[in-house]
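Reviewing the structure listed below.
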Amino acid sequence: MSEIILEARDLAKDYWMGPSRLRVLQGVSLSVPRSEFLCILGPSGSGKSTLLHLLGLLDRPSVGRVIFEGEDAFAQPKRWRDRLRNQAIGFVFQFYYLMPDLTVLENTLLPAMIRTPLIRWPLARRAHRQRAVQVLEDLGMGHRLQHLPRELSGGERQRVAMARALVHEPRVLFADEPTGNLDSVTGGEIMRVLQGLNRKQGLTVVMVTHDERVAAQAHRVLHLADGRLLHDA
Ligand code: ADP
Ligand code: MG
């Protein structure tokens, strides 16, 4: 049996709107084997982004546990989760979230700059730069290093966002509707990039989408509706 890298146990998430409780997720349990490409498919508003944020330790569940590589993540101190997110987790989103005034290379280097103490940066910079250029080249962006995001197409912007998410060699990549803002041809190219990373590097990918055709390209699809998973229905 393959190793389980990530597990959710009986997750619930509530948002409070004044006095009234909105239960967005309820009783969500799942296991992700290392090197799987898992997709969670559900309509808009079903709780996909909320679930991905809990799995990626960006937000805390109201009930339940997230087990990352055997550790109960929300039983650990916040700085443990911050370190894990910095070292082991990458995120890509529908709207890229690139810094508009930074070049492609600078956007990709930004996480390393934030992680490295200022005093060490002059020495560390060269290695980080080489790594960032390598990742951008692997994603077909080696010819756009000095461009600004506004000078790129949507598909190119998503490749830069992926480079930024991959530059620290995460063990799990979370993708929230990564093709949601792209035409179907460009979206297909981004899916092939994700599949290639999964197949060639064994990167574990957890993606959410509302698009069945996109979901069909994953190893396994779980269906989310009204905050609940419909297991093997
Ligand atoms: P999806 O990504 O599947 O479209 P979301 O996880 O973004 O769904 O949202 C699920 C539900 O939770 C929606 O009804 C949404 O309005 C609500 N919701 C999401 N975030 C918040 C928030 N911060 N506060 C209150 N309600 C929220
Ligand atoms: Mg969403």
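Both counts, for ligands and for their atoms, begin at 1 and track the order of listing. Residue indices begin at 1 and follow the sequence shown.
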Identify each donor-acceptor pair in which a side-chain atom of residues 190-199 lies under 3.5 Å from a protein atom, sequence neighbours left out, and give them as a table.
from : atom 1 : to   : atom 2 : distance (Å)
Q195 : NE2    : Q217 : O      : 3.0
N198 : ND2    : S35  : O      : 3.1
N198 : ND2    : L203 : O      : 2.8

Exercise. Can you find a heavy atom in the side chain of T179 that is under 4.5 Å from one in the side chain of M207?
Worked result: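 Heavy-atom side-chain distance check fails, nothing below 4.5 Å.
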
Exercise. Using a distance threshold of 2.8 Å, what protein N/O/S atoms lie below it relative to the Mg ion (ligand 2)?
Worked result: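 Protein N, O or S atoms closer than 2.8 Å to the Mg ion (ligand 2): S49 OG.
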
Check whether the side chains of [X] and [Y] place a donor and an acceptor atom closer than 3.5 Å, and report yes or no.
{"X": "D72", "Y": "Q76", "value": "no"}
{"X": "E177", "Y": "H210", "value": "yes"}
{"X": "R131", "Y": "Q134", "value": "no"}

Exercise. Which pairs pass ring pair (Phe, Tyr, Trp, His ring centres under 6.0 Å) with one or both residues in residues 61-91, sequence neighbours excluded?
Worked result: F91-F93, F91-F174

Problem set entry | Residues lining ligand 1 [heavy-atom distance under 4.0 Å, listed by chain and residue number] |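 The answer is Y15, M17, L22, V24, P43, S44, G45, S46, G47, K48, S49, T50, counting any residue whose heavy atom sits under 4.0 Å from ligand 1.
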
Exercise. If you take all heavy atoms of M141 and L152, which pair is closest and at what distance?
Worked result: CE-CD2, 4.1 Å

For this session: Mind telling me whether W121 and H128 have parallel, tilted or perpendicular rings, with 30° and 60° as the class edges?
Result: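 Correct class here is parallel.
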
For this session: Say whether F37 and L30 are linked into one hydrophobic cluster, either directly or through other cluster members, by side-chain heavy-atom distances under 4.5 angstrom.
Result: no

